[in-house]
Participant: 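Got a structure here, written out as structure tokens. Questions coming.
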Amino acid sequence: MGQQQSANVQSEEIDEAAVLVAQVEDFKTSKTLRTTVNDREIVVFHHLGKYHALDLRCYHSGGPLHLGEIEDLDGRACVICPWHKFKIVLESGEGLYQGVDPRETKRTKKWFSKGVKQRTHKVTVRNGGVYVTLSDTSTMWCDSDTYANEKFNDQPCPDPVT
């Protein structure tokens with residue numbers, strides 16, 4: 001699976017496909033913005049001075065990431081899905097899991113990557129405007145694509161099947 005480019009750009013040039021989604025001042029009261037760009041639901045996070053745009057729905061089961069908390073895991077800023085606690089790196093869209101390396105004698109838990117699971121999108125800030133350019137969906141499939149164009153209710157996750 002290919003790597004996606006960084007989701008953050010602070011630049012004077014704006015891609016012609018970029019869509020104005022907010023003003024920088026909109027993030028002073030809330031660090032999260034839920035929006036739609038070209039029929040694709042996305043979430044924009046402002047965390048530690050950087051903007052990150054991802055598909056709104058979690059790759060695992062469609063959970064609403066705009067309701068998730070941001071945590072630092074092993075030096076990486078991650079959104080935690082409120083439904084099943086899946087961890088997603090804001091910068092790259094990688095899914096993380098905690099485990100042990102069975103080859104090590106001292107088996108301490110570490111964070112490992114599942115690879116890119118959540119689609120990220122390019123964010124550009126210019127003249128106080130926050131613009132999002134959707135990533136090219138034709139070059140790489142992400143698990144979050146399954147939920148990106150569907151409309152889901154923000155209702156609690158159904159009870160697991162037992």
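Every heavy atom of this structure was used, including side-chain atoms; hydrogens, water molecules and symmetry mates were not.
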Participant: Closer than 3.5 angstrom, by distance alone: can the side chain of Lys87 be matched with the main-chain N or O of Lys85 as a donor-acceptor pair?
Facilitator: yes
Participant: When rounded to the nearest 0.5 angstrom, what distance separates CD in Gln23 from NZ in Lys28?
Facilitator: 11.5 Å
Participant: Could you state the interatomic distance from NZ (Lys117) to CD (Glu94), rounded to the nearest 0.5 Å?
Facilitator: 11.0 Å
Participant: How long is the gap from CZ on Phe45 to NZ on Lys50, to the nearest 0.5 Å?
Facilitator: 15.5 Å
Participant: Could you tell me whether a side-chain N or O of Ser61 sits under 3.5 Å from a main-chain N or O of Gly63, the two making a donor and an acceptor?
Facilitator: no
Participant: So, do Asp26 and Leu33 sit near enough that their side-chain heavy atoms are less than 4.5 Å apart?
Facilitator: no
Participant: So, do Leu96 and Val89 sit near enough that their side-chain heavy atoms are less than 4.5 Å apart?
Facilitator: yes
Participant: Do Tyr59 and Leu65 come close enough that some side-chain heavy atom pair is under 4.5 Å?
Facilitator: no
Participant: Is Leu54 reachable from Ile80 through a run of hydrophobic residues whose side-chain heavy atoms are each under 4.5 Å from the next?
Facilitator: no
Participant: Let me check something: do Tyr97 and Val79 share a hydrophobic cluster, defined by ILVMFWY side-chain heavy atoms less than 4.5 Å apart, either directly or through other members?
Facilitator: no
Participant: To the nearest 0.5 Å, how far apart are OG1 in Thr120 and CD1 in Ile88?
Facilitator: 11.5 Å
Participant: Identify the heavy atoms of Ser138 and Asp136 that sit nearest to each other, and give their distance.
Facilitator: OG-OD1, 2.6 Å
Participant: At their closest point, which heavy atom of Asp72 faces which heavy atom of Ala77, and how far apart are they?
Facilitator: OD1-N, 4.2 Å
Participant: Quick one: are Arg40 and Asp145 in side-chain contact, heavy atoms under 4.5 Å?
Facilitator: yes
Participant: Could you report the tightest heavy-atom contact between Phe27 and Ala22, atom names first, then the distance?
Facilitator: CE1-CB, 3.9 Å
Participant: Where do His121 and Leu134 come nearest, in terms of heavy atoms and distance?
Facilitator: ND1-CA, 3.4 Å
Participant: Let me know which of Thr36, Val37, Val19 forms a side chain to side chain contact (heavy atoms under 4.5 Å, CB included) with Ile42.
Facilitator: Val37
Participant: In the single-linkage hydrophobic clustering (I, L, V, M, F, W, Y; side-chain heavy atoms under 4.5 Å), do Leu73 and Leu90 co-cluster?
Facilitator: no
Participant: If we only count heavy atoms from C-beta on, is the Phe86 to Gln118 side-chain gap below 4.5 Å?
Facilitator: no
Participant: Calculate, to the nearest 0.5 Å, the distance between atoms OH and CG belonging to Tyr147 and Leu56 respectively.
Facilitator: 13.0 Å
Participant: Going by atom types only, do Ser135 and Arg119 share a side-chain donor-acceptor pair under 3.5 Å?
Facilitator: yes
Participant: Of all the heavy-atom pairs spanning Phe112 and Val100, show the shortest one and how long it is.
Facilitator: CE1-N, 4.1 Å
Participant: If you measure from OG1 on Thr32 to NE2 on His52, what distance do you get to the nearest 0.5 Å?
Facilitator: 11.0 Å
Participant: May I ask you to test the Val24-Tyr51 pair for a side-chain heavy-atom distance under 4.5 Å?
Facilitator: yes
Participant: Considering only heavy atoms from C-beta outward, does the side chain of His60 approach that of Cys81 to under 4.5 Å?
Facilitator: no
Participant: Arg57 versus Glu41: any side-chain heavy-atom pair under 4.5 Å?
Facilitator: yes
